[in-house]
Amino acid sequence: SIKIIAIDEKTLEALGQFETWTREPYAELIELLNGSEYAPKVIGLDVLFVNEKGEEDQLLVDACKKYSNIVMASDLVFSTKIETKDGKSQVNPLHIDMVETPFGQLTGTVRTGFANAVQDSEDNSVRYALLERDGYQSFAAAIVRAAIESDEGTVDPVSTMPVDASNGIIIDYTGDVDSYEILSMIDVLEGKIPAEIFSNSIVLIGVHAAGMGDSYAVPVQKGAQMYGVEIHANIIQCLLEQRCLVNISTLWNAVFYAVLAFIFALLATRMKIWISVFGAALITAAQYFLCLKLDEKGLVITIIVLPIS
């Protein structure tokens, strides 16, 4: 199971503004989660620890050195470049300029994975996830690989996903916003949450408060924002359950709508106006229903609203 420990409003009220935190609360949380018989399989920190902050940094380093189940977020800095491959020039919108990794000793102590969110160019929603890029693995991929490490004979779920040319997938979201069990970080630190609920689970720690720049529109719930840590939870579940959405090819999209257009044309030329309008409305509804059913099966077809009059 996947649990989310949230850096929420309640936690911020107790520990102060996020920017003022030392690394001590994270070290304490790692020790608390791993220090009992109910340790999680993996602890993923969706927080960037790029810069050193002070003496308390060593507490986090020491905690991470004690346990092998820690994964931390890194960040890929992309730019658009024109690159030449096999004598042909092409635009690469995902050229990596720089990789921001955890500071100093942490980089060599913990596993890392890039936590970048890829937003759609049309509506800025997050429907696509990169799993690997130029030798770097994503945060979700690193967590899944850490989770199956002790399972002998288990095939790497990341390597068997039907990725596209950029090594990405379309996310098949598990549900709406807040579909996962979300626990306040301060409640865990204060011992208000029984340790056994984390046993053998994947625990993600991340921002879950407004105004912290880590919430995104998602296609499963229009008008709502999902925090980055929950998006990672959805990607992890996709990988573990070997499921994602797949775009139907342009050819089959064209065939589908050519058939619909032909039916519309027959209605318009062979039937009375009211029958044509009624029939077109029924076909449009059937088209929408079919697209939804295909989506449930993991197939994405572009919805085009054809004129009914």
Side-chain angles (χ1 to χ4, degrees), residues 1-21 23 25-26 29-30 33 40 42-50 70-76 100 102 112-120 123-131 138-144 147 168-189 193 197-198 201-241 244-245:
S1 63
I2 301 172
K3 316 284 186 185
I4 294 175
I5 295 180
I7 301 173
D8 56 2
E9 298 286 356
K10 185 177 180 181
T11 302
L12 294 173
E13 287 176 10
L15 300 181
Q17 292 184 351
F18 186 66
E19 296 78 11
T20 67
W21 288 18
R23 274 44 192 278
Y26 302 108
L29 186 58
I30 290 170
L33 292 170
V42 185
I43 299 173
L45 288 109
D46 184 23
V47 179
L48 289 175
F49 298 104
V50 177
I70 312 295
V71 177
M72 287 186 175
S74 62
D75 182 63
L76 301 183
E100 295 181 323
T112 62
F114 62 84
N116 302 64
V118 180
Q119 293 177 268
D120 189 89
D123 61 5
N124 286 327
S125 66
V126 177
R127 62 184 72 237
Y128 179 83
L130 284 172
L131 299 184
S138 70
F139 185 60
I143 287 171
V144 168
I169 60 169
I170 303 175
I171 306 166
D172 185 7
Y173 281 91
T174 302
D176 290 343
V177 173
D178 294 342
S179 292
Y180 291 89
E181 187 171 5
I182 299 171
L183 307 159
S184 177
M185 180 173 168
I186 193 64
D187 286 345
V188 179
L189 287 172
I193 309 297
I197 76 165
F198 300 112
S201 64
I202 292 173
V203 174
L204 303 179
I205 302 162
V207 167
H208 204 277
M212 296 184 69
D214 194 32
S215 61
Y216 305 89
V218 287
V220 290
Q221 192 173 351
K222 298 297 182 184
Q225 296 272 307
M226 183 178 286
Y227 290 104
V229 67
E230 191 173 358
I231 293 175
H232 291 306
N234 277 277
I235 301 168
I236 289 165
Q237 191 154 350
C238 283
L239 294 176
L240 290 172
E241 296 179 359
C244 65
L245 301 179

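The figures here come from the full heavy-atom set of this structure, side chains too, leaving out hydrogens, waters and symmetry mates. For the single chain, residues carry numbers from 1 onward in sequence order.
For the pair Pro219 and Tyr173, the tightest heavy-atom approach, listed with the atom from each and the gap, is CD-CE1, 3.8 Å. Between Ser201 and Ile197, the shortest heavy-atom contact is OG-O, 4.2 Å. Contact between Gly175 and Met226 at its shortest, heavy atoms only, is O-CE, 4.2 Å. The minimum heavy-atom distance between Lys3 and Ser1, with the atom names listed, is CE-OG, 3.6 Å. Shown here for Ala209 and Leu12, the closest heavy-atom pair between the two residues is CB-CD1, 3.9 Å. Closest approach of Ala73 and Leu48 over heavy atoms only: O-CD2, 3.5 Å.
At a threshold of 4.5 Å between non-hydrogen side-chain atoms, the residues Glu241 and Thr174 do not count as touching. In this structure, the side chains of Gln225 and Val177 stay at 4.5 Å or more apart for every pair of heavy atoms. Residues Phe139 and Asn116 form no side-chain contact, since every pair of their non-hydrogen atoms from C-beta on lies 4.5 Å or further apart. A 4.5 Å side-chain heavy-atom check between Leu130 and Ser138 finds every atom pair outside the cut-off. Counting heavy atoms from C-beta outward, Glu230 and Ser179 have side chains that approach closer than 4.5 Å. With a 4.5 Å cut-off on side-chain heavy atoms, Val218 and Asn234 do not count as touching. Side-chain atoms of His232 and Ile202, non-hydrogen and from C-beta on, never get closer than 4.5 Å to each other. For the pair Val188/Phe198, a side-chain contact is recorded, criterion being any heavy-atom separation below 4.5 Å from C-beta on.
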Q: Before giving the answer on side chain to side chain contact (heavy atoms under 4.5 Å, CB included), spell out for Ile43 and Ile5 the whole-Å C-alpha distance, their side-chain angles and the decisive distance to 0.1 Å.
A: CA-CA 10 Å; Ile43 299 173; Ile5 295 180; over 6 Å; no
Q | Ile235/Leu131 under side chain to side chain contact (heavy atoms under 4.5 Å, CB included): CA gap, chis, key distance, verdict | A | CA-CA 9 Å; Ile235 301 168; Leu131 299 184; 4.3 Å; yes
Q: Starting from the C-alpha separation in whole Å, work towards a yes-or-no answer on side chain to side chain contact (heavy atoms under 4.5 Å, CB included) for Leu204 and Ile236.
A: CA-CA 10 Å; Leu204 303 179; Ile236 289 165; 3.9 Å; yes
Q: Could you walk me through whether Val229 and Val207 pass the side chain to side chain contact (heavy atoms under 4.5 Å, CB included) test, one step at a time?
A: CA-CA 7 Å; Val229 67; Val207 167; over 6 Å; no
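Interatomic distance, Ser125 OG to Lys222 NZ, rounded to the nearest 0.5 Å: 6.0 Å. Note that NZ of Lys10 and CD1 of Ile186 are 8.5 Å apart. Values are rounded to the nearest 0.5 Å. Atom-to-atom distance recorded for Ile7:CD1 and Leu15:CG is 9.5 Å, nearest 0.5 angstrom. Distance check: Ile143 CD1 to Leu239 CG gives 10.0 Å after rounding to the nearest 0.5 Å. One distance of note links CG of Leu183 with NE2 of His208; it measures 10.5 Å at 0.5 Å rounding. To the nearest 0.5 Å, atoms OH (Tyr216) and CZ (Arg127) are separated by 15.5 Å.
Using cut-offs of 30° and 60° on the angle between ring planes, the pair Phe49 and Tyr26 is perpendicular.
Ile205 pairs with exactly one of Ile4, Leu29, Asp46 by the side chain to side chain contact (heavy atoms under 4.5 Å, CB included) rule, that one being Leu29.
A side-chain donor-acceptor contact under 3.5 Å links Asp8 and Thr11.
Listed for the Tyr227 side chain is a donor-acceptor partner under 3.5 Å among the backbone atoms of Ala210.
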